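As the structure is a prediction and not an experimental result, all values here were calculated from the model. Only this structure's heavy atoms are used, side chains among them; waters, hydrogens and symmetry mates stay out.
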Amino acid sequence: METFTYVPRGVCSTQYVITVDNENNQVKNIEIKGGCPGNLLGISRIIKGMDIDQVIESFSGVPCGMKSTSCPDQIAQALKAYKAQKA
């Protein structure tokens with residue numbers, strides 16, 4: 001398992017600490033600082049145990065109001081950055 005820290009941009013949350021199961025390509029846990037606590041706790045529970053690529057596909061491009069990004073979109077960006085560093 002590996003831990004990856006990401007600073008999101010354009011959203012209320014300020015940091016994502018993601019624990020990844022490299023062997024199974026799964027999100028094991030995500031800790032989110034800042035943002036809307038209830039929504040982000042729900043999102044973190046939903047993606048726990050999910051395949052990284054599935055999370056990226058589901059969350060990429062999700063807007064928040066008039067913003068072109070959102071916390072789900074930034075989680076996808078964090079996972080893309082994680083995968084890029086592993087390549």
Side-chain angles (χ1 to χ4, degrees):
M1 289 218 229
E2 185 173 354
T3 300
F4 179 73
T5 301
Y6 181 81
V7 177
R9 297 173 232 346
V11 295
C12 300
S13 54
T14 58
Q15 184 182 57
Y16 304 146
V17 179
I18 305 169
T19 305
V20 176
D21 178 347
N22 298 345
E23 198 170 300
N24 296 310
N25 197 47
Q26 291 180 337
V27 175
K28 292 312 277 181
N29 190 47
I30 181 169
E31 295 177 31
I32 302 168
K33 294 184 181 176
C36 304
N39 289 335
L40 296 173
L41 179 59
I43 289 170
S44 67
R45 288 181 180 178
I46 288 169
I47 68 172
K48 187 175 182 177
M50 282 182 68
D51 180 83
I52 291 172
D53 297 319
Q54 185 180 13
V55 175
I56 291 170
E57 183 180 329
S58 296
F59 285 3
S60 288
V62 172
C64 181
M66 298 300 287
K67 296 178 185 178
S68 62
T69 192
S70 64
C71 289
D73 180 59
Q74 286 297 297
I75 290 169
Q77 299 309 313
L79 292 171
K80 287 179 186 176
Y82 167 75
K83 287 184 69 162
Q85 93 168 10
K86 300 304 288 174

For the OG atom of Ser58 and the CD1 atom of Ile75, what is their distance to the nearest 0.5 Å? 11.5 Å
Report, as yes or no, whether the 6.0 Å neighbourhood of atom CD on Glu57 holds more than 12 heavy atoms from other residues, nucleotides or ligands. no
Just by modelled atom types, is the Val62 backbone N or O under 3.5 Å from a matching donor or acceptor in the Ser70 side chain? yes
Aromatic ring pairing Tyr82/Phe4, orientation class (parallel under 30°, perpendicular over 60°, tilted between): perpendicular
Please report the closest heavy-atom contact between Val7 and Thr14, naming both atoms and the distance. CG1-O, 3.8 Å
Compare every heavy atom of Lys28 with every heavy atom of Lys48, then report the nearest pair and how far apart it is. CG-O, 3.2 Å
Check whether Tyr6 and Ile46 end up in the same hydrophobic cluster, where Ile, Leu, Val, Met, Phe, Trp and Tyr are linked by side-chain heavy atoms less than 4.5 Å apart. yes
Are Ile32 and Cys71 close enough that some pair of their side-chain heavy atoms sits under 4.5 Å apart? no
Heavy-atom closest pair (Lys67 atom, Cys12 atom, distance to 0.1 Å) is NZ-SG, 4.4 Å
Only one of Ile18, Ile30, Ile47 clears side chain to side chain contact (heavy atoms under 4.5 Å, CB included) with Val55; which? Ile47
Apply the side chain to side chain contact (heavy atoms under 4.5 Å, CB included) test between Ile52 and each candidate in Asn22, Asn24, Val20; give the one that qualifies. Val20
For the CD atom of Gln26 and the CG atom of Asp51, what is their distance to the nearest 0.5 Å? 7.0 Å
Between Phe59 and Pro72, what is the shortest heavy-atom contact and its length? CB-O, 3.2 Å
For Glu23, look at atom CD and say whether over 12 heavy atoms of other residues, nucleotides or ligands are found less than 6.0 Å away. no
Single hit among Gln77, Lys80, Met50 for side chain to side chain contact (heavy atoms under 4.5 Å, CB included) with Ile56: Lys80
Please report the shortest heavy-atom distance between Thr69 and Gly10, naming the atom on each side. CG2-O, 3.7 Å
With rounding to the nearest 0.5 Å, note down the distance linking CG in Asp73 to SG in Cys64. 10.5 Å
